[in-house]
Amino acid sequence: MSVQAEVPLPEWPGAWGDPRPAARMIIALPLVGLMSLILFPMAVQFIYQGNIGVGIFCISGGLVCIGFFIAGVKSVRIRRKRLPRRFIRGGGSAGEPGLRILYTISSKAVGVVWLASAAVFFAVRGFYLVRNFTVSTSELRPALGDIELIFIVICVPMCVFMIGYMTLGKHRRGSIFISPDSLTIRQGSTVRVIPWGDIGNVSPSYMNAVRVVRVVPWPEARIAVELGRNPLDRIQRGYYERNMDIFPNLLGMDPALLLCLIRFYWQHPEFRPELTSDAVIDRVRRGELFE
């Protein structure tokens, strides 16, 4: 049986609510898709008329809408009966054996394209705002334009910063690594490690309205955090030391199955040696994490 074969799924935890997408997502997806269909023909028309700037503005806006649409479609699918393609045995940073689950490439690609499109969208909008300041005769319009321009000046560098954070980190493709000794997350320029004995709880939770598997240490313990030079990670160091949030959607894995996988090996130390072999994959295929 291949890793991509269907596997049994555990019951859905009540703490995550019903396993269905949010109503606002169902409403927003058709609207965003419609906007992208409108903006691209508009871009062609403006470029044909010689208005290149507005055409680029419409193209970038359309790409932003497409990014929202793709991310939304991926989030609509909650339960996943197949394991991720990159659900494999692999080595840790020190070469120790264990189970590695890589983040999906599509999640990062969509994020980078969306951020780049948003940066272009805001930059073009800012250009036209500055150009129109000198010809506007309304007192209210320049005031509103000042507020919008400040917003743009903040958003464009943030988009560029996040693109760098996602693409230039030491661990460009994030992953979680589960070994007989510890649980590790590598993402961007950070590495977080917690030994099994320091884990106080593994539970379903939310982070920014997204379902996560939250690993929390005992009160007297801390998660070991290795940071790069990114200031965003340094600001969050205290949170990283107290919480390890694992996003099933970034792994392309069923949230309840991921929860059961981590919780099982936390609660059953006698079975952790099988994390170094295909036995862990066989256990998942047989549905023995939750029976």
Side-chain angles (χ1 to χ4, degrees), residues 24-25 28-29 31-47 49-75 103 105-136 138-174 187-190 207-210 227-237 239 247 250:
R24 62 179 180 274
M25 182 64 68
L29 275 178
L31 296 177
V32 172
L34 180 61
M35 287 179 62
S36 65
L37 293 176
I38 293 173
L39 285 170
F40 284 111
M42 287 178 61
V44 173
Q45 181 66 23
F46 280 117
I47 293 174
Q49 293 174 354
N51 201 336
I52 306 298
V54 177
I56 295 175
F57 181 75
C58 291
I59 290 174
S60 58
L63 290 174
V64 170
C65 290
I66 289 177
F68 268 123
F69 186 82
I70 295 175
V73 169
K74 290 172 67 68
S75 67
Y103 285 11
I105 295 178
S106 60
S107 298
K108 177 177 287 189
V110 170
V112 170
V113 171
W114 184 87
L115 287 167
S117 302
V120 174
F121 179 86
F122 286 127
V124 174
R125 176 59 181 161
F127 169 78
Y128 279 98
L129 274 175
V130 172
R131 194 183 70 170
N132 291 338
F133 278 163
T134 58
V135 298
S136 176
S138 169
E139 295 181 359
L140 178 62
R141 181 58 194 168
L144 294 175
D146 287 342
I147 296 174
E148 189 174 358
L149 189 60
I150 292 172
F151 177 77
I152 290 171
V153 169
I154 295 173
C155 286
V156 172
M158 284 184 62
C159 289
V160 175
F161 174 81
M162 289 306 300
I163 290 173
Y165 178 76
M166 295 176 68
T167 59
L168 302 178
K170 180 180 177 182
H171 308 285
R172 294 177 180 84
R173 187 173 184 182
Q187 183 176 3
S189 58
T190 68
M207 178 66 171
N208 297 329
V210 178
L227 297 176
R229 298 180 179 179
N230 194 296
L232 182 62
D233 290 326
R234 293 182 179 277
I235 292 172
Q236 301 182 90
R237 184 184 189 106
Y239 182 84
F247 292 80
L250 296 181

Undergrad: Do you know which two heavy atoms are closest between Leu39 and Gly62, and how far apart they sit?
TA: CD1-N, 3.5 Å
Undergrad: Between Arg234 and Leu227, which heavy-atom pair has the shortest distance, and what is it?
TA: CA-CD1, 3.9 Å
Undergrad: For Ile59 and Phe40, which heavy atoms make the closest approach, and how far apart are they?
TA: O-CE2, 4.0 Å
Undergrad: Can you tell me if Met158 has over 12 outside heavy atoms packed within less than 6.0 Å of its CE?
TA: no
Undergrad: Once ring-ring contact (aromatic ring centres under 6.0 Å, His included) is applied, do any residues pair with Phe69, and if so which ones, sequence neighbours excluded?
TA: none
Undergrad: At what distance, to the nearest 0.5 angstrom, does SG of Cys65 lie from CG of Leu31?
TA: 10.0 Å
Undergrad: Partners of Ile52 by side-chain contact (heavy atoms from CB on, under 4.5 Å), sequence neighbours excluded?
TA: Ile47, Ile56
Undergrad: Among all residues two or more places apart in sequence or in another chain, which pass the side chain to side chain donor-acceptor pair (under 3.5 Å) test with Gln236?
TA: Tyr240
Undergrad: Let me check something: any side-chain donor-acceptor pairs from residues 114-124 under 3.5 Å, sequence neighbours excluded? List them with distances.
TA:
from	atom 1	to	atom 2	distance (Å)
Trp114	NE1	Val64	O	3.3
Ser117	OG	Val113	O	2.8

Undergrad: Using the test side chain to side chain donor-acceptor pair (under 3.5 Å), find all partners of Arg237 that sit at least two apart in sequence or belong to another chain.
TA: Glu241
Undergrad: Could I get the full list of side-chain contact (heavy atoms from CB on, under 4.5 Å) partners for Val210, not counting sequence neighbours?
TA: Phe247, Asn249
